[in-house]
Amino acid sequence: MMQRREPETVIQEHADIDERIYHVRLDSGLSVAVLPRPGFTKTYATYATHYGSIDNAFKVPGTNQSVTVPDGIAHFLEHKMFEKEGGGDVFDDFGRYGASSNAYTDYVSTTFLFSTTSYLHENLDILLDFVQRPYFTEENVAKEKGIIEQEIRMYLDMPGDRLHSNLMKALYHRNPVRLDVTGSVESIRTIRPEDLYVCYRTFYHPSNMHVFVTGDVDADRVIDQVAEAQARRAAQPQQPIERLYPPEPLDVRESRVEHRMQVAAPLFMMGFKDEPNHFTGQELLRREIVGALMWNGLVGRSSAFFAQLYEQGLINNRFQAHYTAGLTYGFSVLGGETPEPERLEAVLRDALGTLPISRQDLERQKRRELGEYVGLFQSIEELAYVHNHLVFRGSSLFDIPDLIRSIRIEDLEEFRARHMSPSQTAVSVIVPA
Amino acid sequence: MAQSAAGVGGHFEHGRGWYCYPTKRFKTLSVYAYWLNPLMPGKASQGALVPQILRRASQSWDSTMLVERRLEELYGASFRAEVGKIGDQQLLSFQFDGVNGRFLPGRPDMLAEGLNFVQEMMYRPRMVDGRFDAEIFAQEKVLLRRQIQALINDKGQYALNRLVEVLADGQRFGINRLGTLEEAEQLTLEGVWQTYAELQKRRPLVWFVVGDVDPEAVQRAFAAASEMAEPQESLATMTTFRPRDQARTVIDHQPVQQGKVNLGYATGITAKDPDYPALVMYVGILGGFPHSKLFMNVREKASLAYYAYARLDAVLGLMMVGAGIEFGDFDAALDIIHQQVELMRQGAISDDEMQFTLSGLTNEIRAENDSPGRIVGRQLERLLVGGGPSGPELIEALSKVTKEDVVRVAQQIRLDATYFLTTDQAGESVGAAQ
């Protein structure tokens, strides 16, 4: 149910679970959302830009100039935003007011955040301010390379991370979703301050960004504060950003990749990539839900197939499958530890296309999804994560329950029929060294 | 209206009890039960296998598939049965989280469902010939063995486990929560069944309920529960970690891309000691936050690491410092860490460091109230240590800590062991990235 509170603020309400969300788009182009959670001690605020690891080629707004930047630069930029002109870093500013701050980068977005149990006003001002103040020098960029190199090396030692990373490189020829979000040790070494400024100016414009606040807060006051901070900044209007993504062939780049590492037993992951499409908004969200319902119905813990694989010792209870999509990509991954990757692969290839999913299975899965949706409101961090995930895909958290209810068994079958072609499937294996 | 730690009702005596934390904040109901099983050499794998078996099937839902379907029917309630470790105890946990019936069609009584589910899984396992189902036992035995072998997969955790082993040097808190490969291979159905019988008969048992519930309904439920009728062994209070004072350095070589340096320090202070608040401040100033000495000096100034932290095991009175570094930077990182520890001993602590750390800790302690898992964890820790301040009381105590108090604590902290996980490639300092 939608209602208008004042000229610009839209309130979306979900009465069954007693939740509402306030949305507004400010003159600067910045969109803001507030979801009050009365009774919570902590307030969690995020300031995110629609700019992630896949945005490594684009036209500089207002020009016709195309640029390609080093892999991993969005994540590098995220790190560098914490640096302040004149020394010191933003962690200290939050530290002064007792907030815990952090940031993360994924394929499609970069998110800065804090959580606090006091001084919301002061901490929110710090967040709104520092994300708008770049300060990059030769020296502070060089210093960050050592730190990020250690971050990358930490991931290189994580077998699950390698497994997924290798799979993405096998599934995709050119779509930058194939690259690690952090880039590589080599690619980040080439990053210069001027590269960071180009990316910053292109993607950190308010019209490409979103502020979200949740906790025991007064929505009007939060929105007013953000609006005042934006008014002080007076950003110039910006032309729409043109992102350049290379065309992606339908088939996979490699159908099987193996990597040796010191692990106790092999790790196995199978991936399925979507054919190129342009899903967005509710259609995209619906597709993500269909994917979740299908995988849980087929190989979820309550399925007969899971029981069969588990009892044969082919998988353990960390085996999982899920589908994820953005505006330029969509893929499923499934897998886990297994003593016999070849046999598991053969069994999966043989069964996945034809395993039955009954209407009862679907009804149970829908119940489960609905319950998990309500459970989201338990953790304000998770709530913010899902909210932001959806914002840059053009949908909203509150769309979820109706979409779940609308899904029929035919939707799952249609999804399966188009998603599981062998030429769109790849396998990644980590074998013990 | 904020609930504090004082909002926890319930009691624990004669080795069993329950606590209830009623709050309208959450849309879910959490029902958690824990058995505390002393870690014993040669026995840990037996305890570890019990929750793994119990999770599989019960008398009402006699296959894993039916257990999972039951949870889905309860609107995707989750249930975890697993083994953890706290101090020198193995923690066998059974945790149910379900959406409060108020927010669901038909308004199911999720408190009753949760209590019933956990009791069913703990006390009414699927049985064949008066014992656990032998097939389930055999399957879970294989999986436990693989899980122990897979401990080398997670390098960060592996390095920490090795440090704790070195520090313990034979003391019980050094035993891995899963036991050893040899133990796991020798497990018998009869042995694990006996362990299960012993858990029910003797081991301390504690329940927690968190959510929008009527405490009286919880009380009635536990008054009627048969497992609450018989006294259990009382819970032995933990004593602080006693270092062997060997100041050992242990280095392991493996095919890794990053070195992990971990140091263990004896503090001599646990949560119920008067100096505990000063110790918490000390650890926070040294390495609890991005403004802390380790983060600022190891990461921000020297650019040696992505992470660098100090953390406290309040049950053992043990402080651990860790960082992920380049193999060749071992000495440089140690120099900085030792220097920062020494500076604190000499009193080089700024007003900002005191103030930021107090604010950061206050934030963390207050935020515990927003997570059922952390509300329960806090209470469990207090139970083991035999008291000590928490919640608002701890915040109050922290705010009274002076710089002199922190320095006094700093002067009694002793390094006991240094552990380094590094490359097995001779002469390698920078590995090739893929």
Side-chain angles (χ1 to χ4, degrees), chain A residues 16-17 39-42 89 91-92 95-101 115-118 143-144 146-148 150-154 156-159 184-186 261-265 300-304 306-307 310-311 313 316 337 339 364-365 367-372 374-375 377-380 433, chain B residues 1-2 23-28 63-65 68-69 72-77 97-99 103-104 139 142-143 146-147 149-150 152-156 254-258 289-291 299-300 303-307 324-326 352 355-356 359-360 362-364 366-367 369-371 431 433-434:
Chain A
D16 293 359
I17 60 166
F40 264 72
T41 315
K42 194 164 48 178
D89 66 42
F91 287 123
D92 275 356
R96 186 173 302 276
Y97 294 104
S100 156
S101 61
S115 82
T116 191
T117 56
S118 57
K143 181 204 85 176
E144 204 67 27
I147 296 171
I148 295 180
Q150 286 313 313
E151 184 179 1
I152 293 172
R153 290 189 182 281
M154 179 178 79
L156 289 179
D157 278 336
M158 295 180 174
S184 66
V185 169
E186 289 75 18
M261 257 180 112
Q262 192 202 32
V263 289
R301 283 172 171 228
S302 70
S303 66
F306 182 96
Y310 187 96
E311 283 161 21
N316 60 24
E337 292 150 329
R364 268 200 337 272
Q365 294 310 327
R367 262 193 180 210
R368 171 189 148 128
E369 288 289 327
L370 283 168
E372 287 187 349
V374 183
F377 292 84
Q378 179 86 344
S379 152
I380 59 178
Chain B
M1 177 195 60
T23 170
K24 292 197 184 302
R25 189 179 305 142
F26 302 133
K27 289 194 151 58
T28 56
S63 74
T64 312
M65 193 171 83
E68 295 294 338
R69 289 187 178 185
E72 285 174 354
E73 280 157 10
L74 291 171
Y75 288 86
D97 290 277
V99 172
F103 304 107
L104 294 172
Q139 288 161 8
V142 169
L143 288 172
R146 287 190 202 150
Q147 204 186 339
Q149 288 170 322
I152 59 157
N153 292 11
D154 180 343
K155 300 302 175 194
Q254 286 188 6
V256 290
Q257 296 275 339
Q258 182 184 61
F289 301 94
H291 68 256
R299 171 171 154 147
E300 294 298 310
S303 216
L304 292 185
Y306 168 63
Y307 68 88
I325 57 171
E326 204 61 63
D352 271 0
Q355 187 49 48
F356 292 8
S359 301
T362 302
N363 188 45
E364 279 179 10
R366 286 167 52 95
N369 291 330
D370 291 347
S371 151
Q434 67 162 54

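Here is the naming used below: chain letters follow the sequence lines, and residue numbers restart at 1 for every chain.
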Fill in: Contacting region of Ser371(B) [heavy-atom separation from chain A under 4.5 Å]
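Neither part; nothing is under 4.5 Å.
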
Discussion item. So for Phe377(A), is it side chain, backbone, both, or neither that comes closer than 4.5 Å to the heavy atoms of chain B?
Written reply: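 For Phe377(A), side-chain heavy atoms alone lie under 4.5 Å from chain B.
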
Item to complete: Return the option, out of Lys155(B), Arg299(B), Arg366(B), His291(B), with the maximum number of heavy-atom pairs under 4.5 Å with chain A.
Response: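 Of the candidates given, the most pairs with chain A belong to Arg366(B).
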
Discussion item. Check this for me: does any side-chain nitrogen of one of Glu72(B) and Arg301(A) sit under 4.0 Å from a carboxylate oxygen of the other?
Written reply: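 No.
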
Discussion item. Using heavy-atom distances under 4.5 Å, tell me whether Phe289(B) contacts chain A through its side chain, its backbone, both, or neither.
Written reply: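 Contact with chain A: none, neither part.
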
Fill in: When Ala305(B), Ser63(B), Ala150(B) are compared by non-hydrogen pairs under 4.5 Å with chain A, the top option
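When all of Ala305(B), Ser63(B), Ala150(B) are compared, Ala305(B) has the most.
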
Worksheet item: Relative to chain A, which of Val142(B), Leu104(B), Asp154(B), Ile325(B) shows the most heavy atom pairs under 4.5 Å?
Response: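 Max contact count across the listed options: Ile325(B).
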
Discussion item. Evaluate Phe26(B) against Phe40(A) for side-chain contact (heavy atoms from CB on, under 4.5 Å), listing each step before the verdict.
Written reply: CA-CA 9 Å; Phe26(B) 302 133; Phe40(A) 264 72; 4.2 Å; yes

Worksheet item: chain A heavy atoms under 4.5 Å from Asp352(B): which part of the residue, side chain, backbone, both or neither?
Response: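 The side chain, not the backbone.
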
Worksheet item: Which region of Asp370(B), side chain (C-beta onward) or backbone (N, CA, C, O), has a non-hydrogen atom less than 4.5 Å from a non-hydrogen atom of chain A, or is it both or neither?
Response: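 Both parts, heavy atoms under 4.5 Å.
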
Worksheet item: Given that the side chain runs from C-beta out, which part of Asp92(A) has a heavy atom under 4.5 Å from chain B: side chain, backbone, both or neither?
Response: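 Its backbone and side chain both get close to chain B.
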
Practice prompt. Below 4.5 Å from any heavy atom of chain A, which atoms of Val256(B) appear? Answer side chain, backbone, both or neither.
Written response: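 The answer is both parts of Val256(B).
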
Worksheet item: Among Gly371(A), Ala264(A), Gly146(A), Ser302(A), which has the most heavy-atom pairs under 4.5 Å with chain B?
Response: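 Going by pairs under 4.5 Å, I would pick Ser302(A).
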
Worksheet item: How many angstroms lie between atom CZ of Arg364(A) and atom OH of Tyr75(B), to the nearest 0.5 angstrom?
Response: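 One finds 13.5 Å between CZ of Arg364(A) and OH of Tyr75(B).
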
Worksheet item: What option among Ser379(A), Gly313(A), Gly300(A), Ala265(A) has the most heavy-atom pairs under 4.5 Å with chain B?
Response: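 Option with the top pair count is Gly313(A).
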
Worksheet item: Picking from Gln378(A), Lys42(A), Lys143(A), Glu372(A), which has the most non-hydrogen pairs under 4.5 angstrom with chain B?
Response: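 Greatest number of close heavy-atom pairs with chain B: Gln378(A).
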
Discussion item. Looking at every non-hydrogen atom in both residues, tell me the closest pair between Gly98(B) and Ala77(B) and how far apart they are.
Written reply: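 It is CA-CB, 4.0 Å.
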
Worksheet item: Of all of Gly360(B), Gly324(B), Pro290(B), which one pairs up most often with chain A through heavy atoms under 4.5 Å apart?
Response: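 Sorted descending by pairs with chain A, the first entry is Pro290(B).
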
Fill in: Least distance between heavy atoms, Ile152(B) atom then Val263(A) atom
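Scanning both residues completely, I find the closest heavy atoms to be CD1-C, 4.1 Å.
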
Worksheet item: Would you say the side-chain atoms of Gln150(A) and Gln258(B) include a donor-acceptor pair closer than 3.5 Å?
Response: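 Their side chains do contain a donor-acceptor pair, which is all the 3.5 Å distance test asks for.
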
Worksheet item: Under a 4.5 Å heavy-atom cut-off, does chain B meet the side chain of Ala433(A), its backbone, both or neither?
Response: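 Looking at Ala433(A), nothing touches chain B.
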
Practice prompt. Could you check which of Met261(A), Met158(A), Glu369(A), Glu311(A) has the highest count of heavy-atom pairs closer than 4.5 Å to chain B?
Written response: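 Top option by heavy-atom pairs under 4.5 Å: Glu311(A).
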
Item to complete: Just give me the residue among Ala304(A), Gly98(A), Ser101(A), Ala99(A) that pairs up with chain B most often, heavy atom to heavy atom, under 4.5 Å.
Response: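 Of the options given, most contacts go to Gly98(A).
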
Discussion item. At a 4.5 Å cut-off on heavy atoms, which part of Glu73(B) comes close to chain A: side chain, backbone, both, or neither?
Written reply: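 Both backbone and side chain of Glu73(B) come within 4.5 Å of chain A.
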
Worksheet item: Where is the tightest heavy-atom contact between Asn363(B) and Thr117(A), given as atom of each residue plus distance?
Response: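 For Asn363(B) versus Thr117(A), the nearest heavy atoms are OD1-N, 2.7 Å.
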
Practice prompt. Might you point out which heavy atoms bring Val99(B) and Gly375(A) nearest each other, and give the distance in Å?
Written response: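 Closest approach of Val99(B) to Gly375(A): CG2-N, 4.2 Å.
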
Discussion item. Rounded to the nearest 0.5 Å, what separates atom OG1 in Thr41(A) from atom CZ in Arg25(B)?
Written reply: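 If I round to the nearest 0.5 Å, the distance is 4.0 Å.
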
Fill in: Validation row: Phe306(A), Glu68(B) side chains within 4.5 angstrom (heavy atoms)
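Answer no - side chains too far apart.
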
Worksheet item: Under a 4.5 Å heavy-atom cut-off, does chain B meet the side chain of Thr116(A), its backbone, both or neither?
Response: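 Both parts, backbone and side chain.
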
Worksheet entry | Spacing of Thr28(B) atom OG1 and Phe103(B) atom CZ [to the nearest 0.5 Å] |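 The OG1 atom of Thr28(B) sits 9.5 Å away from the CZ atom of Phe103(B).
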
Practice prompt. Among the options Gln262(A), Gln365(A), Arg368(A), pick out the one with the most heavy-atom pairs lying under 4.5 Å from chain B.
Written response: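 The answer is Gln262(A).
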
Worksheet item: Given that the side chain runs from C-beta out, which part of Ala367(B) has a heavy atom under 4.5 Å from chain A: side chain, backbone, both or neither?
Response: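 For Ala367(B), backbone and side chain are both near chain A.
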
Fill in: Engaged part of Glu300(B) at the chain A interface, taking heavy atoms whose separation is under 4.5 Å
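Looking at Glu300(B), backbone and side chain both touch chain A.
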
Worksheet entry | Heavy-atom pair count under 4.5 Å with chain A, highest-scoring of Gln149(B), Gln254(B), Gln147(B) |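 With the most close heavy-atom pairs to chain A, the winner is Gln254(B).
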
Worksheet item: Which atoms of Glu337(A) come close to chain B, meaning under 4.5 Å heavy atom to heavy atom: side chain ones, backbone ones, both, or neither?
Response: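 For Glu337(A), side-chain heavy atoms alone lie under 4.5 Å from chain B.
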
Worksheet item: Relative to chain A, which of Lys27(B), Gln139(B), Met65(B) shows the most heavy atom pairs under 4.5 Å?
Response: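 Heavy-atom pair counts peak at Lys27(B).
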
Worksheet item: Are more than 12 heavy atoms from other residues, nucleotides or ligands located less than 6.0 Å from atom CZ of Arg146(B)?
Response: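 Yes, enclosed.
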
Fill in: Region of Lys24(B) that comes under 4.5 Å of a non-hydrogen atom in chain A
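Neither part.
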
